[in-house]
Colleague: 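Below are the structure tokens for one structure; questions will follow.
Predicted model, so just to flag it, every value in this text is computed and none were measured. Atoms within a ligand are numbered from 1 in the order they appear, just like the ligands themselves.
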Amino acid sequence: MQYGYFDDARKEYVITTESTPYPWINYLGTQDYFSLISNTGGGYSFYKDAKLRRITRFRYNNVPLDLGGGRYYYIYDDKDVWSPGFAPVKKKLDRYECRHGMGYTKITGSRNNIETEITFFVPIDFNGEVHKVVVKNTGDSDKNITLFSFVEWCLWNAQDDQTNFQRNFNTGEVEIEGSTIYHKTEYKERRNHYAFFSVNAPVTGFDSDRESFLGTYNGFDNPEAVLEGKSRNSVADGWSPIASHSLDISLKPGETKELVFILGYVENALEDKWESKNVINKTKAHKMLEEFATAEKADEALKRLTDYWDDLLSRYTLVSGEDKLNRMVNIWNQYQCMVTFNLSRSASYFESGIGRGMGFRDSNQDLLGFLHQIPDRARERIIDLASTQLEDGGAYHQYQPLTKRGNDEIGGNFNDDPLWLILAVVAYVKETGDYSILKVSTPFDNDESKAAPLAEHLKRSFDHVINNLGPHGLPLIGRADWNDCLNLNCFSMEPGESFQTSTSKDGRVAESVMIAGMFVYIGKEYAELMKKSGSVEESIRAEKEISRMEKAVMEHGYDGEWFLRAYDDFGKKVGSKECEEGKIFIESQGLCIMGGLGLSDGKAIQALDAVEERLGTKYGLVLNNPAFTKYYVEYGEISTYPAGYKENAGIFCHNNAWIMCAEAVAGRGDKAFDYYTRIAPAYTEEYSEIHRMEPYVYSQMVAGKDAKRFGEAKNSWLTGTASWNFVAITQYILGIKPDYDGILVDPAIPKAWDTYQVTRRFRGDTYKITVKNPEHVSKGVKSLLVDGKEAASAVIPYAGDGKVHEVTVTMG
Ligand code: BGC
Ligand code: IFM
């Protein structure tokens, strides 16, 4: 069952009912100011950091669902009160539609011949959001209505705001200036920032004190001020400051009125002192309001935003016989990659914005799907990430985006982390040809006095693995590798200590075959990068280490039919036939085969067949099998999950992509694409009532075959699934891979495909690549013509002339 449809021409998903199976959200903002917005206007906004600079308040896990805060509008029409976005009043609408587009959301609601369309967006280079409101009288008699707006301020630190009431009920301060309501509460120490909510027209009234607006015991769905059609003109003093406007509007039949509301954030320089306590410098706010003084200016800014996205998305475009595939590759997968790049795992409807900042492994992987869009921002992020690396090559697992400092509470010692940095840098250099990044002086542990060239950081990442090997010559897992919940050192923790906070390493010898696979796969990339950048000796040294690791994996990491997952701290096999439960895990199969292991002797194919047989379901591949039905102290958190959920045999969409890549490496395009379609959102759309999450973006997890709610997804939006599936489909299946000296063409496609075209913008040139498959093979490039001339290899040489080049690839 569907709850809407894709409008590909406008790059929108159109939701046609307010009763979606879960709030279906979108993100506004591209750079510093971000908002989450659900299909009924719920959500919140923040500047750079969802924890430390929360602008509006939101209550997670609220009852009823998604009424915990948002940008709410109310219409008072002859005592009939309703919300054009359905929430919060939830009165039946005659028509409802929500269009989630690229960085904007347009919600239309009509009732009693009043149609209201609100377009929400964050303009490019603007620290605020625009709500363009169009109200139309669609009936044949005059209408006199009152429009109310509403947002609730958060007192900046979202965690403190939700917990520290003894203090915070005293601190709220606002100021009213014409139609603008300023929120200027200070947060514990003097910081020169404030927010404001304004409208480009004179208001009839306003409110800035929540209790005055709602009434002491009313909710957002029935504010007393709105029920009476009259603002209280309240000025908040402590308690819960809000911002609400009311505007009387008269409309003749057919008449339309347009208003522009601005919710903005201002950060003044610290030395630009407040004149005296709480007299804020409003110059920037005034300028921001001036920028959106008219509806035309809002329309122009929206046009700039859509042009911006059209340009970003034009860097990789596909024309294939499959509409669903086209819309994933051309629109939604790339869009999600930008969102995960911006937000890492911090703020979604499943991540509270106060739990996590930017993840080291997460953000490095997110770069893989994003860096072709804006390489300069990727470069900056790489340096930020590398600056949180520790001198021994390990890394802080997370950092707060506002401060960019590593998070001490979580620390490091997740032993896969360092390798992802190498992969991100390799991808960046292949995309841009910019080797100079390797020379950038980059601090360790955010300490400038410990700075070294980025190349040195990569070396330490590589060596961190070599310096931390276990009894089988395989990498020590540390607190956990990519699988946060496989905590093989868990049993030796102190009572009350969690794997997140444990730092002791004594007696911990658990080893990860997954990291071994990563080391081979990413290590080969490292060796090649070193060779390409002139460090030949380092490249030779790396190759020797990789060969040694390959031997260790084939000797101790293969279990007869598939790759083992690990050795626990007692030296016992994990992910082996010998295990009672959890006999096979997905991660090591994917990464070992991506590293080329087992390809020459049939072991890779054997492992992939085992994956299909034991992990395959119609909704995707589960992570492990059989699921754990008991708690295993030696495995940790993974076995605390009920069978079929999350890391315990859930369908983790992130590592499904590794199997797609592995199948492609092994030459089995049909299987790779089959796995792709099992989890790609556009393909799940038709069973949205089971899947429940947004059909335009990936979710982290779908409940696996052992779960009671098999097929139901959770944790939509912020997941490495976005970038890895983009890599899997665009580079491994469609086979268009950026490389140091050009674009490598190496498709692994379903045999039935005849042809497809990819247009790839690459370092300023444009390559129009037509792939033909007359012999209906999955793999193999027979000829490659660039502008009519046969190329020497399967690499399209980089021309560097800024021109358009026609490429014809014939498979066979
Ligand atoms: C979740 C993991 C997550 C980890 C991070 C666990 O509870 O299952 O998916 O990565 O928390 O803290
Ligand atoms: O690898 C992790 C990631 O860092 C956060 N989400 C879950 C993944 C698997 O545990």
Colleague: Counting each atom of ligand 1 from 1 as listed, which ones have a heavy atom of K646 under 4.0 Å away?
Modeller: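 So the answer, numbered in order with elements, is 1 (C), 2 (C), 8 (O), 9 (O).
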Colleague: Does the ring of F341 carry R381 above it, NZ/CZ under 6.0 angstrom from centre and within 45° of its axis?
Modeller: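 Yes, a cation-pi geometry.
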Colleague: By number and element, which atoms of ligand 1 are closer than 4.0 Å to a non-hydrogen atom of D484?
Modeller: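 Counting from 1, the qualifying ligand atoms are 3 (C), 4 (C), 5 (C), 10 (O).
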Colleague: Taking the six-membered ring of Y732 (Phe, Tyr or Trp), confirm whether the NZ or CZ of K737 is under 6.0 Å from its centre and within 45° of its axis.
Modeller: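 Yes, K737 lies over the aromatic ring of Y732.
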Colleague: Do any heavy atoms of R345 fall under 4.0 Å from ligand 1?
Modeller: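 So R345 does not count as touching ligand 1.
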Colleague: For ligand 1, which atoms have a heavy atom of Y641 less than 4.0 angstrom away?
Modeller: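 Close to Y641: 1 (C), 6 (C), 7 (O), 8 (O).
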Colleague: Output the list of atoms in ligand 1 that are nearer than 4.0 Å to some heavy atom of R356, sorted by atom number.
Modeller: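 The atoms of ligand 1 under 4.0 Å from a heavy atom of R356 are 3 (C), 5 (C), 10 (O).
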Colleague: Could you tell me the separation between the CG atom of N725 and the OH atom of Y698, rounded to the nearest 0.5 Å?
Modeller: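 Answer rounded to 0.5 Å: 3.5 Å.
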Colleague: Looking at ligand 1, would M701 count as a contact under a 4.0 Å heavy-atom criterion?
Modeller: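 No; M701 lies far enough from ligand 1 that no heavy-atom distance drops under 4.0 Å.
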Colleague: Is the shortest distance from a Lys or Arg side-chain nitrogen in R345 or E351 to a carboxylate oxygen in the other one below 4.0 Å?
Modeller: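 E351 and R345: not salt-bridged.
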Colleague: Assess whether a salt bridge exists between D481 and R565, defined as any Lys/Arg side-chain N lying under 4.0 Å from an Asp/Glu carboxylate O.
Modeller: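 So D481 pairs with R565 through a salt bridge.
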Colleague: Would you call D484-R361 a salt bridge at under 4.0 Å N-O?
Modeller: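 Looking at R361 together with D484, the answer is yes, because their closest N to O distance falls below 4.0 Å.
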Colleague: How would you list, by chain and number, the residues with a heavy atom under 4.0 angstrom from ligand 2?
Modeller: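 Protein residues near ligand 2 are R356, R361, D362, W482, N483, D484, E647, F652, Q700.
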Colleague: Of all the atoms in ligand 1, which lie at a distance below 4.0 Å from a heavy atom belonging to C485?
Modeller: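 Near C485, the atoms of ligand 1 are 1 (C), 2 (C), 6 (C), 8 (O).
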Colleague: Please determine whether a side-chain nitrogen of the Lys or Arg among K573 and D559 lies less than 4.0 Å from a carboxylate oxygen of the Asp or Glu.
Modeller: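 Yes, K573 and D559 are salt-bridged.
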Colleague: Do D408 and Y396 get their side chains close enough for a donor-acceptor pair, meaning under 3.5 Å?
Modeller: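 Result is yes, a qualifying pair exists.
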Colleague: With a 6.0 Å cut-off on the ring centroids, do Y696 and Y335 count as close?
Modeller: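 Centroid distance Y696-Y335: not below 6.0 Å, so no.
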